[in-house]
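Inspection log for the structure reproduced underneath, given as structure tokens.
Residue indices begin at 1 and follow the sequence shown.
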Amino acid sequence: MTHELEWLRGTRVLVAGAGISGRAVVTPLTDLGAHVTVTDRNADALARCGEMGADTVDLDALVAEADGDPESLRRFALVVTSPGFAPDAPLLSHAAGAAVPIWGDVELSWRIDRAEIYGPPRRWLVVTGTNGKTTTTTMLHAILEAAGLPSVACGNIGLPILDALRRTEPRAEVLAVELSSFQLHWAPSVRPAAGVILNIAEDHLDWHGGIEGYIDAKARVLTGTVGVLGLDDPIAGGLRDRSQAVVTVGFTLGYPQRGELGISGDVLVDRAFADSAVLAAVADVSPPGPAGLSDALAAAALARSIDVPESAVHDGLRRHRVGPHRAAPVGTVDGVEYIDDSKATNPHAARTSLLARGSVVWVAGGLLKGAQVDDLVVEVAPRLRAAVLLGRDAGRIAEALARHAPQVPVVHVDTSDDGSVSSPESSDTGSSGALRRVPLPGADGPAAMRVAVREAAALASPGDAVLLAPSAASLDMFADYAQRGRSFAEAVDELQGGAERPGGGSPR
């Protein structure tokens, strides 16, 4: 059978990155008859690709060669990049200079699906946004399962799309696809059956070169049959005029107008795909609260766009439960509740958790990725009893607290080599709020988190919440946000020999 990817047969294809997404493209490319070269700095990752039969090249050697002679990349017909590679990465810059096409793994997935390499094309329901992507995607998958549609959650949620496409037992006919801005940047051809932008706030601005590049990437989900917008978010809600979808609808936490989904009293209502269909009870949505309800409405909109009945939306949302590290209680010690929201990797995500509690000791810090925290600090300052900061950009958060919440005591767990300590009574902020540095030169993430939790416990009073809502990425100190969350929970367990878990019982 001939197909639009037949031109790859017999060509050399370079895969940039040997991680999960990189490994996922190796077998499909070889199925297409391409000769695959994988490049990565990580020798272990390359070894795993080598076990798949791929020819591996060390990234350092390739970059050195490309720096001296970009023409050397012309021997490749295509570069397939992992989403973490920014457009200005030397390897990709040289490939572009040599006029070699660059696709992301999602772009390759879309083209393989449209070419029917692994059977008839699937319906793609795509979820993107700064926050809430994973919760919305799992809600959508729960609804699709309740409707009896063979489906799978894939993409940025963990399972590569190509692995989902290659599955035959059971074969998924509908894909609930979570996509990041990185993935969308490298996937210009994707035209989903429906795509939603949940919200847009400052995130990954260093990667995209500013907010406009970030918005442009997100807007690529508005190119298919149905586009869905979070109307309560000022940026996402303002993208209707930029939508290229055949039909564009929205969702809101208020009462919905025609062409919208929203809330009427204590129920979720669809006025976009029906006159006024009741979808689910507010009380049945997990997680509860505004963020969970917004995600539920977004998931419902995607499902309703492909004619999923109201009953399946109701059943799917009622069965859904939120995943770990998303505002999850991990223990109570001496009347203080400890909350793990490690998934709050930007200020917009942290805002929801901070505003949900009356008195908070805030544990924050990491890699801000170009985002600003001043607006967040202004809004949540009245709720802050104290803040404990760690990670590379802790100093920037401390500066924002000094400017906008000078009354709030701040502890900086400083793992830099030149960390120094100041007494609790001293104030590096120039105000009544004290900044105290706790030096831990060279400490790893889990060790720093143990100290941060102990410091937070000392600052908290009964009735407070100690909230891990970092507002920043984790990769400066942890393998990922999940390890950061686990480290927080383990540190809570160590307080007074073990914390009382929600619902009672031993934590171990």
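When side chains are defined from C-beta on, L468 does not count as touching V330, because their heavy atoms never get closer than 4.5 Å. Side-chain contact between L279 and R304 is present, with at least one heavy-atom pair separated by less than 4.5 Å. Using a 4.5 Å heavy-atom cutoff, the side chains of R271 and R258 are in contact.
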message: What verdict does the side-chain contact (heavy atoms from CB on, under 4.5 Å) test give for R436 and E455, after you've listed the backbone C-alpha separation in whole Å, the side-chain angles of each residue and the deciding distance to 0.1 Å?
response: CA-CA 11 Å; R436 180 164 59 91; E455 293 288 340; 2.4 Å; yes
query: Could you go step by step and tell me if F273 and V249 meet the side-chain contact (heavy atoms from CB on, under 4.5 Å) rule?
result: CA-CA 9 Å; F273 304 99; V249 304; 4.1 Å; yes
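Using cut-offs of 30° and 60° on the angle between ring planes, the pair Y338 and F488 is tilted.
Between T128 atom OG1 and N199 atom CG the span is 9.0 Å, to the nearest 0.5 Å. Between atom OG of residue S471 and atom CG of residue D393 there is a gap of 11.0 Å, rounded to the nearest 0.5 Å. Taking CG of D334 as the start and OG of S461 as the end, the distance is 10.5 Å to the nearest 0.5 Å. With rounding to the nearest 0.5 Å, the separation of CG in D284 from CG in L268 is 9.5 Å. For the atom pair CG (L253) and CD1 (I263), the distance works out to 5.0 Å, reported to the nearest 0.5 Å.
Using modelled atom types, no side-chain atom of R123 and backbone atom of A193 make a donor-acceptor pair closer than 3.5 Å.
Shown here is R392, whose CZ atom has no more than 12 heavy atoms of other residues, nucleotides or ligands within 6.0 Å. Within a 6.0 Å radius of CG in D232, other residues, nucleotides and ligands contribute more than 12 heavy atoms.
The two residues D341 and A327 make their nearest non-hydrogen contact at OD1-N, 3.0 Å.
If you check the side chains of R484 and S342, you find a donor sitting under 3.5 Å from an acceptor.
In this structure, R242 pairs ionically with D216, as a charged nitrogen and a carboxylate oxygen lie closer than 4.0 Å.
Tested against E178 for a side chain to side chain contact (heavy atoms under 4.5 Å, CB included), the candidates T137, L159, T138 yield a single pass: T137.
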